[in-house]
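First comes the structure, then the notes that go with it.
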Amino acid sequence: MTATEHKFGDEMALPRQRNTKGSTATEIEKKIKRGNALRQGSAWRSSRGLMATLLLVAASMLGAAAWLYVTSSDSDITETLVSKGELVSPQPRVYSVQCSEDYENYKRYPGCTPQKCGRAVTDNVVTREEAQVLRRLAERGLALAGSEGGASILDLHSGALSMGKQFVNIYRYFGDQVGDVFTQEDFQLYRNVRERIQAVIAETFALDPTLMYLTKPTFFSRINSTEAKTQHDEYWHPHIDKVTYGSFDYTSLLYLSDYGSDFTGGRFIFMDQNGNRTVEPRAGRVSFFSSGSENLHRVEKVTWGTRYAITVSFTCDPAHAISDPDLPGGTHG
């Protein structure tokens, strides 16, 4: 099979979708309204007479609304694109989708701005052994602090590290102690993995890799079932990367733990017009996609265990490029 053939020649075309700003956006708005109603209902509390009865009725109604929300999102998986037990190798499994109009609102960069949009999964870019090394890196870094809620991040580029209900700069806050936590070999592997992910995205979408740039935020994430304490812990909301982060053109996720054995819940869900489609995480698996509203998505709430991953993001705009991280006092090479 030629390089061109395996880019989009053999991909599995998903049914054509309408613009997510239309009916899909309406669906999401309805779900958000249900959630707001659920939160507002908690304010109506009384322990006497008629108010107690009304509260019971309201709780029943809101419970039904919450059940509908959960079953219509987390449980209603129309299709599993890739299961944890599958091994996608040697070529990525590619699903094409129609590009949204999001990219028209930004300057176009020939050779990089998406012309063909879609999503893909591969287990042939990062080995499970390399994923284990990167997971241990994340575990050591996040052990220094971590969120009080269920979602913590470690950004080796900016130094951002979750601590309680806020963030600190790991390099400034811990100073020389960082040298006892990370090694130059850790950072070299991180850079090598980033290069490989960039290369497979470029090959799959027929891009010039020299015209793609790493962008922020690119970070490790650790998610567990602890109750959210701040909005930063609420990772499960539907979103569009190009809308949330205007610089994003291509998003990738490298999973560092296994769905079903290291954690439950936590599947990655593409929210298409005609149903939800999911990717089940597997250590070493890379999932990547064009960042526009053609790939509206969310992450299921983790119900047990701990889910580790790295989000690696790319832009076509050199003004939003960031450099690979390096351990303070070290040099590349």
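Side-chain atoms are counted along with the backbone in the values below, which use heavy atoms only and exclude waters and symmetry mates.
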Exercise. In this structure, are over 12 heavy atoms from other groups packed under 6.0 Å from Glu104 atom CD?
Worked result: yes
Exercise. Could you give all pairs that pass the ring-ring contact (aromatic ring centres under 6.0 Å, His included) test and reach residues 183-204, with sequence neighbours left out?
Worked result: His157-Tyr190, Phe182-Phe187, Tyr190-Phe220
Exercise. For Asp241 and Thr251, does a side-chain donor sit closer than 3.5 Å to a side-chain acceptor?
Worked result: yes
Exercise. Can you find a pair of side-chain heavy atoms, one from Gln184 and one from Asp326, that are under 4.5 Å apart?
Worked result: yes
Exercise. Any side-chain heavy-atom pair from Val121 and Arg285 closer than 4.5 angstrom?
Worked result: yes
Exercise. Checking Glu294 side chain against Val97 main chain: does a donor-acceptor pair fall under 3.5 Å?
Worked result: no
Exercise. Any chance the rings of Tyr95 and Phe289 have centres within less than 6.0 Å?
Worked result: no
For this session: Verify side chain to side chain contact (heavy atoms under 4.5 Å, CB included) between Leu156 and Leu137, making sure each step is shown before the conclusion.
Result: CA-CA 11 Å; Leu156 295 180; Leu137 185 162; 4.1 Å; yes
For this session: Assess whether atom OH of Tyr245 is packed by more than 12 heavy atoms of other residues, nucleotides or ligands within 6.0 Å.
Result: no
For this session: Check which hydrophobic residues are tied to Tyr213 through side-chain heavy-atom contacts below 4.5 Å, counting indirect links as well, and list them.
Result: none
Problem set entry | Set of residues satisfying salt bridge (Lys or Arg N to Asp or Glu O under 4.0 Å) with respect to Arg222, sequence neighbours excluded | none
For this session: Apply side chain to side chain donor-acceptor pair (under 3.5 Å) to Asn169 and list each qualifying residue two or more places apart in sequence or on a separate chain.
Result: none
For this session: Keeping the roles fixed (side chain from Asp272, backbone from Asn274), state whether a donor-acceptor pair exists under 3.5 Å.
Result: no
Problem set entry | Pair Phe205 and Tyr250, ring centroids less than 6.0 Å apart | yes
For this session: Sequence neighbours left out, what passes side chain to side chain contact (heavy atoms under 4.5 Å, CB included) with Thr264? Give chain and number order.
Result: Thr303, Trp304
For this session: Please test Asn295 against Ser290 for side chain to side chain contact (heavy atoms under 4.5 Å, CB included), starting from the C-alpha separation and ending with a verdict.
Result: CA-CA 7 Å; Asn295 281 314; Ser290 50; 3.3 Å; yes
Seminar exercise, completed: By side chain to side chain donor-acceptor pair (under 3.5 Å), Thr215 pairs with (sequence neighbours left out) Ser247
For this session: Please report the closest heavy-atom contact between Asp233 and Ala151, naming both atoms and the distance.
Result: OD1-O, 3.2 Å
Exercise. With a 6.0 Å cut-off on ring centres, are Tyr173 and Tyr171 close enough?
Worked result: no
Exercise. Considering all heavy atoms of both residues, which atom of Asn224 and which atom of Gly149 are nearest to each other, and what is their separation?
Worked result: OD1-O, 4.4 Å
Exercise. Can you find a pair of side-chain heavy atoms, one from Phe270 and one from Leu81, that are under 4.5 Å apart?
Worked result: yes
Exercise. Which residues satisfy the salt bridge (Lys or Arg N to Asp or Glu O under 4.0 Å) test with Glu195, sequence neighbours excluded?
Worked result: none
For this session: May I ask you to test the Thr306-Phe263 pair for a side-chain heavy-atom distance under 4.5 Å?
Result: no
For this session: Measure centre to centre between the rings of His320 and Phe248, then say whether the value is under 6.0 Å.
Result: no
Exercise. Taking all non-hydrogen atoms of both residues, which atom of Val178 and which atom of Leu327 are closest, and how far apart?
Worked result: CG1-CD1, 3.9 Å
For this session: Please assess Arg282 against Glu86 for the test side chain to side chain contact (heavy atoms under 4.5 Å, CB included), listing each intermediate value before the final yes or no.
Result: CA-CA 9 Å; Arg282 169 189 172 97; Glu86 294 181 80; over 6 Å; no
For this session: Determine the minimum heavy-atom distance between Ser252 and Val312, stating which atoms define it.
Result: OG-O, 2.7 Å
Problem set entry | Student check: side-chain heavy atoms of Leu134 and Leu189 closer than 4.5 Å | yes
Exercise. Where the side chain of Thr278 meets the backbone of Phe268, is there a donor-acceptor pair that is under 3.5 Å apart?
Worked result: yes
Exercise. Is Arg196 salt-bridged to Glu130, going by a charged N under 4.0 Å from an acidic O?
Worked result: yes
Seminar exercise, completed: Minimal heavy-atom distance between Leu161 and Gly141, with the atoms involved, is CD1-O, 3.9 Å
For this session: To the nearest 0.5 angstrom, please state how far the OG atom of Ser323 sits from the CG atom of Leu214.
Result: 8.5 Å
Exercise. To the nearest 0.5 Å, what is the distance between OG (Ser147) and NZ (Lys165)?
Worked result: 9.5 Å
Problem set entry | Partner residues of Ser162 under the side chain to side chain donor-acceptor pair (under 3.5 Å) criterion, sequence neighbours left out | none
For this session: Could you tell me whether Lys216 and Asp155 have a side-chain N and a carboxylate O separated by less than 4.0 Å?
Result: no
Exercise. Considering residues, nucleotides and ligands other than Asp176, do more than 12 of their heavy atoms fall under 6.0 Å from its CG?
Worked result: no
Exercise. Under 4.5 Å between side-chain heavy atoms, hopping through other hydrophobics if needed: is there a path connecting Phe219 to Phe174?
Worked result: no
Exercise. With a 4.5 Å limit on heavy-atom distance, are the side chains of Leu154 and Ile170 in contact?
Worked result: yes
For this session: Please tell me if the side chains of His239 and His297 come closer than 4.5 Å, counting only heavy atoms from C-beta onward.
Result: yes
Exercise. Between Thr311 and Leu253, is there a donor-acceptor pair closer than 3.5 Å when you use the side chain of the first and the backbone of the second?
Worked result: no
Exercise. Donor-acceptor pair, Glu280 side chain versus Lys84 backbone, under 3.5 Å?
Worked result: yes
For this session: For Arg93 and Arg119, run side chain to side chain contact (heavy atoms under 4.5 Å, CB included): C-alpha distance rounded to whole Å, both residues' side-chain angles, the deciding distance at 0.1 Å, then the answer.
Result: CA-CA 9 Å; Arg93 185 175 300 173; Arg119 56 196 68 154; over 6 Å; no
Exercise. Do Ser291 and Asp249 meet the criterion of a side-chain donor-acceptor pair at a distance under 3.5 Å?
Worked result: no
Exercise. Got a sec, which pairs hit ring-ring contact (aromatic ring centres under 6.0 Å, His included) with one end in residues 102-127, sequence neighbours left out?
Worked result: none
Problem set entry | Glu227 atom CD, over 12 foreign heavy atoms within 6.0 Å | no
For this session: Could you tell me whether the side chain of Asp186 and the main chain of Thr183 form a donor-acceptor pair under 3.5 Å?
Result: yes
For this session: Please determine if Glu148 and Lys229 form a salt bridge, counting it only when a charged side-chain N lies under 4.0 Å from a carboxylate O.
Result: no
For this session: Return yes if a side-chain donor-acceptor contact under 3.5 Å exists between Asp317 and Thr315, otherwise no.
Result: no
Problem set entry | Contact check, side chains of Ile240 and Asp102, non-hydrogen atoms, under 4.5 Å | yes
Exercise. Quick one: side chain to side chain contact (heavy atoms under 4.5 Å, CB included) partners of Gln198, sequence neighbours excluded?
Worked result: Arg194, Met212, Phe314
For this session: Using the test side chain to side chain contact (heavy atoms under 4.5 Å, CB included), find all partners of Asp262 that sit at least two apart in sequence or belong to another chain.
Result: Arg135, Ser257, Asp258
Exercise. Would you say Asp123's side chain and Val88's backbone share a donor-acceptor pair under 3.5 angstrom?
Worked result: yes
Exercise. Should Ile310 and Leu142 be counted in the same cluster of Ile, Leu, Val, Met, Phe, Trp and Tyr side chains packed under 4.5 Å apart?
Worked result: yes
Seminar exercise, completed: Sorted by chain and residue number, the side chain to side chain donor-acceptor pair (under 3.5 Å) partners of Ser89 (sequence neighbours excluded) come out as Asn124
